[in-house]
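Structure first, commentary second.
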Amino acid sequence: MVRVLRELGSRVDANSVGEIQVAERVGFAPGEVVFTGVGKTRDELSYAIAHGVGTINAESAGELDRIAAIAQAHGRTARVAVRINPDIDAKSHPNISTGLKSNKFGVPMEEALTIYRERRHAPGLCFVGLHVHIGRRSRRSSR
């Protein structure tokens with residue numbers, strides 16, 4: 001399936017080193033990979049940076065600081081996007097909701113600009129965007 005998506009011109013959203021490696025095996029260039037997801041380990045970030053993934057979606061100021069330190073240790077600059085928590089209710093099942101402040105995913109909108117300003121010149125980081133995910137709106141709630 002991943003090979004077919006590549007042939008159709010897709011890029012890859014990976015949540016683990018294993019998913020990055022699957023993408024690499026079917027021919028995706030590292031720059032076509034967005035490394036995202038919560039709980040990325042130092043080893044996973046190191047792998048992603050060493051292999052030159054296209055973008056790393058950072059969940060917090062602390063994760064940005066870890067990415068910067070790892071990138072510097074590798075003599076690289078990591079392209080990063082900051083995940084924003086918009087405090088939006090997708091009216092999905094509570095177990096898959098990700099956009100509310102109570103879900104604790106991403107940084108609060110009111111903190112995002114400060115986080116960026118404090119790190120925009122940090123060695124090892126190149127800010128390329130913002131990332132937002134609010135969870136899936138259920139079909140039942142859209143009727």
If I take atom [atom1] from residue [X] and atom [atom2] from residue [Y], how far apart are they, to the nearest 0.5 angstrom?
X: Arg117; Y: Phe127; atom1: CZ; atom2: CZ; value: 12.5 Å
X: Cys126; Y: Arg76; atom1: SG; atom2: CZ; value: 14.0 Å
X: Glu19; Y: Phe28; atom1: CD; atom2: CZ; value: 12.0 Å
X: Ile115; Y: Leu64; atom1: CD1; atom2: CG; value: 7.0 Å
X: Glu44; Y: Ser16; atom1: CD; atom2: OG; value: 6.5 Å

Is there a donor-acceptor pair closer than 3.5 Å between any side-chain N or O of [X] and the backbone N or O of [Y]?
X: Glu24; Y: Ala29; answer: no
X: Arg6; Y: Val26; answer: yes
X: Glu63; Y: Glu59; answer: yes

*Taking C-beta and beyond as the side chain, do Lys40 and Ile67 meet within less than 4.5 Å on heavy atoms?*
no

*asked:* Are the side chains of Phe35 and Ile49 in contact, using a 4.5 Å heavy-atom criterion?
replied: no

*Go through the steps to decide whether Thr41 and Leu45 satisfy the test side chain to side chain contact (heavy atoms under 4.5 Å, CB included), and finish with yes or no.*
CA-CA 6 Å; Thr41 67; Leu45 289 169; over 6 Å; no

*According to the ring pair (Phe, Tyr, Trp, His ring centres under 6.0 Å) rule, which pairs have a member within residues 41-62, sequence neighbours left out?*
Tyr47-His51

*Is it true that Val17 and Ile70 fall in one hydrophobic cluster, defined by side-chain heavy atoms closer than 4.5 Å?*
yes

*asked:* Assigning hydrophobic clusters by single linkage (Ile, Leu, Val, Met, Phe, Trp, Tyr; side-chain heavy-atom cutoff under 4.5 Å), is Val128 placed with Leu113?
replied: no

*Please step through side chain to side chain contact (heavy atoms under 4.5 Å, CB included) for the pair Arg119 and Asp65, ending with a clear verdict.*
CA-CA 8 Å; Arg119 291 162 180 80; Asp65 295 340; 2.7 Å; yes

*Scan Asn57, Thr55, Asp13 and name whichever one has a side-chain hydrogen bond (donor to acceptor under 3.5 Å, both in side chains) with Thr36.*
Asn57

_Nearest non-hydrogen partners of Gly37 and Asn15, listed with the distance_ = CA-OD1, 3.3 Å

*Please report the shortest heavy-atom distance between Ala71 and Gly124, naming the atom on each side.*
CB-O, 3.4 Å

*For Val53 and Ile20, run side chain to side chain contact (heavy atoms under 4.5 Å, CB included): C-alpha distance rounded to whole Å, both residues' side-chain angles, the deciding distance at 0.1 Å, then the answer.*
CA-CA 9 Å; Val53 299; Ile20 294 171; 4.2 Å; yes

*Does CZ in Arg120 sit with more than 12 non-hydrogen atoms of other residues, nucleotides or ligands closer than 6.0 Å?*
yes

*Salt-bridge test for Arg11 and Glu32: reply yes if a basic N is under 4.0 Å from a carboxylate O, no otherwise.*
no

*Before giving the answer on side chain to side chain contact (heavy atoms under 4.5 Å, CB included), spell out for Thr114 and Glu111 the whole-Å C-alpha distance, their side-chain angles and the decisive distance to 0.1 Å.*
CA-CA 5 Å; Thr114 299; Glu111 295 176 25; 5.6 Å; no

